J.: 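Below is a structure I'd like to ask you about.
Proteins come first, then strands; the chains are lettered A, B, ... in the order of their sequence lines, and each starts at number 1. What you see is a predicted model, and the numbers here were worked out from it, not measured in a lab.
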Protein chains: 2
Amino acid sequence: MMLSDVMEDYLKAIYQLQGEHEERIKTSAIADALEVTSPTVTSMLEKLEDRGLVDREKYRGVTLTDEGETVALEVVRHHRLLEAYLTEHLDYDWSEVHAEADRLEHHISEDFEARVADALDEPEVDPHGSPIPSADLEPPDRSAGKSVTEFAEGDVVVVEEVADHDPEVLSYLATHGVEPGVELEILEVAPFGMVTARSSETVDDVSLPEGVAHHVRVTPLPQAES
Amino acid sequence: MMLSDVMEDYLKAIYQLQGEHEERIKTSAIADALEVTSPTVTSMLEKLEDRGLVDREKYRGVTLTDEGETVALEVVRHHRLLEAYLTEHLDYDWSEVHAEADRLEHHISEDFEARVADALDEPEVDPHGSPIPSADLEPPDRSAGKSVTEFAEGDVVVVEEVADHDPEVLSYLATHGVEPGVELEILEVAPFGMVTARSSETVDDVSLPEGVAHHVRVTPLPQAES
DNA sequence: GTTTAGGGTTAGATGGGTCTAAATCGGTGT
DNA sequence: ACACCGATTTAGACCCATCTAACCCTAAAC
């Protein structure tokens, strides 16, 4: 099946929205994610439905079919492998890789994908801690980690994934010690969602507005310490 | 100026045709190179003319303007840097790099270009021996080497460039010792253009049909030997 | 100089991806 | 139950890159 770059982008966006929220993805959510208008999304969804890549219920949103999910996983694999490769071998900072990977993800061959995976020794996560789908494109488990907003004062957690894409936000997080692998002690969770934490990496505390904190996924420290 | 990938392809094709033959490039030559029909080429040439990238004389072909040439050089630089990178760092064979570079050349950022050039230490030629335009995009000298078909029995030459793109042809040439840097002793130039030569690299002789030989560019050995 | 073959251009259609404006659906609140 | 508001779809348009069919120009042959 011959898919355009744009179609792949829609499938990837739907996949990622299905990961964040659930089930049916609405037209407007896709429109926001891809920065197009909703009529544009509607007409694209019709095409994807014709090709059997999404299940659609008019006025109620879409879900990916198995076939659509496989395509999305392929694109996500390309994207995350590229991000990993760019940081490992071309000296990119994690804050910069997203945009470059977005440009390239649709234009690499299967051969290129395999060589990159090989050069990286089949990595399991990208520089943001996001899991890289395996070569067989089996749907991975996406339940790893919870948003840091779900924890409370005093909890100590390990950062698993920083799923933001904005270079400025990522640079800020890095300079304040919020990166995959670091320990975070939760100092405060404000009623409006802002999380303040202390990183094991830096001296100063960090405050993360809700929008940012939502993308920081963490797991509780195996054994707690006061 | 925002150019589409396709426009870049046209400019690159015109640039390369201007290198091979001369001056005005005809519609049909571009159509052959890009595998589209001639009306398609005509309409694209009109667009490129509107943007000041080509000079066009109806029914008589086009030439690149300075601006058009700069765009073409940028694309060619991307292409050849990618070819070099793929062979150096991702273990590609020289016969395979062209297709991959063609896919990627329009989709890398200036930053990526710079990082690749840096990783390769600003290379001057790609794996086929073709010169890589410098970062300032000044038009390079394209007179290096002459086609091997212009030599005669007994001449000894050094291969500078193998400008073919067909993987099968390139594999064949490599296994018969025809690659940039090797010495070739011309054994015969048949009236229909076929060149037979002996490579300094291999024992067996190679025969190159005219179409292939035309792409093998060589320079005479500094000091001749019988 | 006229003819003619071959290539170039014009005309008109198609499909992809996008938009704006207008119509319509569906859930919420009364 | 019903009206309303916000979200969705329909309708109609546009631009890009491409095609086929038909027409026309150029240059070479006579």
J.: Could you state the atom-to-atom distance from CG of B:L3 to P of D:dC16 in whole Å?
T.: 12 Å

J.: Between C:dG17 atom C1' and A:L48 atom CG, what is the distance in whole Å?
T.: 12 Å

J.: With sequence neighbours left out, write down each residue that passes ring pair (Phe, Tyr, Trp, His ring centres under 6.0 Å) with A:Y10, or none if nothing qualifies.
T.: none

J.: At under 4.0 Å between heavy atoms, what does A:M2 touch on the DNA or RNA strands: base, sugar-phosphate, or nothing?
T.: nothing

J.: Can you list the residues that meet the side-chain contact (heavy atoms from CB on, under 4.5 Å) rule with A:E67, with sequence neighbours excluded?
T.: A:M1, A:L53, A:T65

J.: Between the protein and nucleotides 18-20 of chain D, which nitrogen or oxygen pairs are less than 3.5 angstrom apart?
T.:
residue: D:dT18; atom: OP2; partner: B:Y10; partner atom: OH; Å: 3.1
residue: D:dC19; atom: OP2; partner: B:T37; partner atom: N; Å: 2.9
residue: D:dC19; atom: OP2; partner: B:T37; partner atom: OG1; Å: 2.8
residue: D:dC19; atom: OP2; partner: B:T40; partner atom: OG1; Å: 2.5

J.: Sequence neighbours left out, what pairs pass salt bridge (charged side-chain N to carboxylate O under 4.0 Å, His left out) with at least one residue falling in residues 32-46 of chain A?
T.: A:E46-A:R56

J.: Using a cut-off of 4.0 Å on non-hydrogen atoms, how would the nucleic acid contact of B:E46 be classed: base, sugar-phosphate, or nothing?
T.: sugar-phosphate

J.: With sequence neighbours excluded, what pairs up with B:H106 under the ring pair (Phe, Tyr, Trp, His ring centres under 6.0 Å) test?
T.: none

J.: Can you check the B:R51 CZ to D:dC15 P distance for me, whole Å?
T.: 13 Å

J.: At a heavy-atom distance below 4.0 Å, what parts of residues 23-34 of chain A sit against DNA chain D?
T.: A:K26, A:T27, A:S28

J.: Only counting residues at least two apart or in another chain, list the ones meeting salt bridge (Lys or Arg N to Asp or Glu O under 4.0 Å) with A:D111.
T.: A:R115

J.: What is the distance from CD of A:E8 to C1' of C:dG16, rounded to the nearest Å?
T.: 15 Å

J.: Using the ring of each side chain (for Trp, its six-membered ring), is A:H107 parallel, tilted or perpendicular to B:H107, with breaks at 30° and 60°?
T.: parallel

J.: Taking only residues two or more places apart in sequence or in another chain, which ones pass salt bridge (Lys or Arg N to Asp or Glu O under 4.0 Å) with A:D102?
T.: A:K12

J.: I'd like to check the salt bridge (Lys or Arg N to Asp or Glu O under 4.0 Å) partners of B:D5; sequence neighbours left out, ordered by chain and number.
T.: none

J.: Partners of A:P209 by side-chain contact (heavy atoms from CB on, under 4.5 Å), sequence neighbours excluded?
T.: A:V212

J.: Figure out the CZ/C1' separation between A:R56 and D:dA7, and round it to whole Å.
T.: 14 Å

J.: In whole Å, I'd like the distance from the CG atom of B:D5 to the C1' atom of D:dC16.
T.: 12 Å

J.: Measure NE2/B:H106 against P/D:dA17 and give the value in whole Å, please.
T.: 12 Å

J.: According to ring pair (Phe, Tyr, Trp, His ring centres under 6.0 Å), does anything in residues 34-80 of chain A pair up with another residue at least two apart or in another chain? List the pairs.
T.: A:H79-A:H98

J.: Output a table of nitrogen or oxygen pairs between the protein and nucleotides 23-27 of chain D separated by less than 3.5 Å.
T.:
residue: D:dA27; atom: OP1; partner: B:R60; partner atom: NH1; Å: 3.4
residue: D:dA27; atom: OP1; partner: B:R60; partner atom: NH2; Å: 3.2

J.: Expressed in angstrom and rounded to an integer, what is the separation of A:L45 atom CG from C:dT18 atom P?
T.: 12 Å

J.: With side chains defined as the heavy atoms from C-beta onward, is the minimum distance between A:V97 and A:H128 less than 4.5 Å?
T.: yes

